[in-house]
Amino acid sequence: MLNLFDLTGEVAVVIGGAGVLGGALAEGLAQAGAKVAILDLDRSAERGEARVKAIRDQGGQAGFFAANAVSRPSLAAAHQSVEAALGAPTILLNAAGGNDPKVTVSAERAFEQIALEDWQANFNLNLAGGALLPCQEFGPAMCRRGKGSIINIASVSAHLPLSRVVTYSAAKAAVLSLSRFLAREWATQGVRVNTITPGFFPAEQNRKLLFNDDGSPSDRTKAIWGHTPMNRFGEARELVGAVIFLASTKASSFVTGADLRIDGGYLAQTI
Ligand SMILES: NC(=O)c1ccc[n+]([C@@H]2O[C@H](COP(=O)([O-])OP(=O)(O)OC[C@H]3O[C@@H](n4cnc5c(N)ncnc54)[C@H](O)[C@@H]3O)[C@@H](O)[C@H]2O)c1
């Protein structure tokens, strides 16, 4: 019987693959049969290599490649190394990104005090590093081969801005827009571009907002749970099915420009 979710023969590049969500998704893609290239910053190499080992221990194929998502030359070098080691990429999952306390509105920092260079750095990470530059680097090669699935990560804050994280929300809204632009641009060339919208998942980049210093849930966390019909955070493994669906041409060949929400119902309600 045809397995719609079998990724055997695919080569998946997961940028930010040393992170909490990217790492779980890299592992999920490998479990579905893809060879997986984990790209992340040099400073995250240890976590990236640990994920590679976990994948290999489960019988999968993976490699870690140091790369900076906000540098096109760095992505180009990693692209070459991935191709030599694992083959030409057919799946691109952009999971580098996150909020930065320097651009978070707080009692100490009003909106008008956000420094332009901090705004630009966070916006650049989430839009240029989280979508634009990797799409520019990997997308055209996929188009030349007539096959590819690109998955960018938005956020519930891309749909309606969240309090405090103004830069992040604006950048994620731009990720949605760029993804839809590319979906149209590459639709006839065999390359699909979709987004996922995760709700709230505890990770490195949002720890300070979600938990107090003693590890207890912050007031913001209580508000998030109160607004999430399932009344809890998501777990990284709960994103895997959505990503395999979008990655698999057999499962989602006519799906492009779509956004798949995995948010426990967060965006389904107002109050
Ligand atoms: N955790 C959530 O609740 C949540 C919700 C919605 C969207 N997201 C998005 O999911 C993605 C993954 O985030 P996460 O929550 O797993 O965070 P994380 O901090 O655990 O992982 C982010 C990873 O990106 C890497 N990274 C940062 N800058 C990079 C760069 N310039 N080049 C290459 N790699 C870089 C980090 O080293 C890290 O491994 C992000 O785009 C984030 O905005 C997360």
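Note that ligands are numbered from 1 as they come in the structure, with each ligand's atoms numbered from 1 the same way. For reference, positions follow the sequence shown, starting with 1.
- Contact annotation for L39 and ligand 1: no heavy atom of the residue comes within less than 4.0 Å of the ligand.
- Protein heavy atom at the shortest distance from atom 16 (O) of ligand 1 is L21 N, 2.8 Å.
- Closest to atom 31 (N) of ligand 1 among all protein heavy atoms lies N68 OD1, 2.8 Å.
- The nearest heavy-atom contact from the protein to atom 20 (O) of ligand 1 is V20 N, 2.9 Å.
- In this model, a donor atom of one side chain and an acceptor atom of the other lie less than 3.5 Å apart for T104 and N99.
- Looking only at protein heavy atoms, the nearest one to atom 9 (C) of ligand 1 is I153 CG2, 3.6 Å.
- With salt bridges taken as basic N to acidic carboxylate O contacts below 4.0 Å, one links E137 and R72.
- A side-chain donor from one of R192 and S252 sits under 3.5 Å from a side-chain acceptor of the other.
- When only non-hydrogen protein atoms are considered, atom 12 (C) of ligand 1 lies nearest to A95 O, 3.2 Å.
- Looking at atom 43 (O) of ligand 1, its nearest protein heavy atom turns out to be Y168 OH, 2.7 Å.
- Residue-to-ligand polar distances place D40 within reach of ligand 1: an N/O pair is separated by less than 3.5 Å.
- Of the protein's heavy atoms, L41 CD1, 4.0 Å lies nearest to atom 27 (C) of ligand 1.
- No part of N94 comes within 4.0 Å of ligand 1, judged by heavy-atom distances.
- Look at E204 and R47 and you find no salt bridge, because none of the NZ, NE, NH1 or NH2 atoms lies under 4.0 Å from a carboxylate O.
- Shown here is Q58, whose CD atom has more than 12 heavy atoms of other residues, nucleotides or ligands within 6.0 Å.
- In terms of protein heavy-atom proximity, atom 28 (N) of ligand 1 is nearest to L125 CD1, 3.4 Å.
- By the criterion of a heavy-atom distance under 4.0 Å, the backbone of A67, and not its side chain, is placed next to ligand 1.
- Short contacts between ligand 1 and R47, defined as distances under 4.0 Å to a heavy atom of the residue, involve ligand atoms 39 (O).
- Between Q113 and E108, the side chains place no donor N or O within less than 3.5 Å of an acceptor N or O (distance only, hydrogens not considered).
- Close contacts of ligand 1 with G98, meaning ligand atoms under 4.0 Å from a residue heavy atom, involve 43 (O).
- Contact annotation for R43 and ligand 1: no heavy atom of the residue comes within less than 4.0 Å of the ligand.
- Checked against a 6.0 Å centroid threshold, the rings of W225 and F200 do not count as neighbours.
- Remark: H79 pairs with F138 by the ring pair (Phe, Tyr, Trp, His ring centres under 6.0 Å) rule, at least two apart or across chains.
- Both the backbone and the side chain of A69 come within 4.0 Å of ligand 1, counting heavy atoms alone.
- The pair E46-R51 does not meet the salt-bridge criterion, since no charged nitrogen lies less than 4.0 angstrom from a carboxylate oxygen.
- Contacts of A154 with ligand 1, taken as heavy-atom pairs under 4.0 Å, involve the backbone alone.
- The shortest N or O to N or O distance between G19 and ligand 1 is under 3.5 Å.
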Donor-acceptor pairs under 3.5 Å, side chain of residues 172-183 to any protein atom, not counting sequence neighbours: which ones?
residue	atom	partner	partner atom	Å
K172	NZ	I153	O	2.8
S179	OG	N152	ND2	2.9
S179	OG	V175	O	2.6

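- Looking at S218 and N212, their side chains never bring a donor and an acceptor atom within 3.5 Å of each other.
- Geometrically, ligand 1 and F201 share a nitrogen or oxygen pair separated by less than 3.5 Å.
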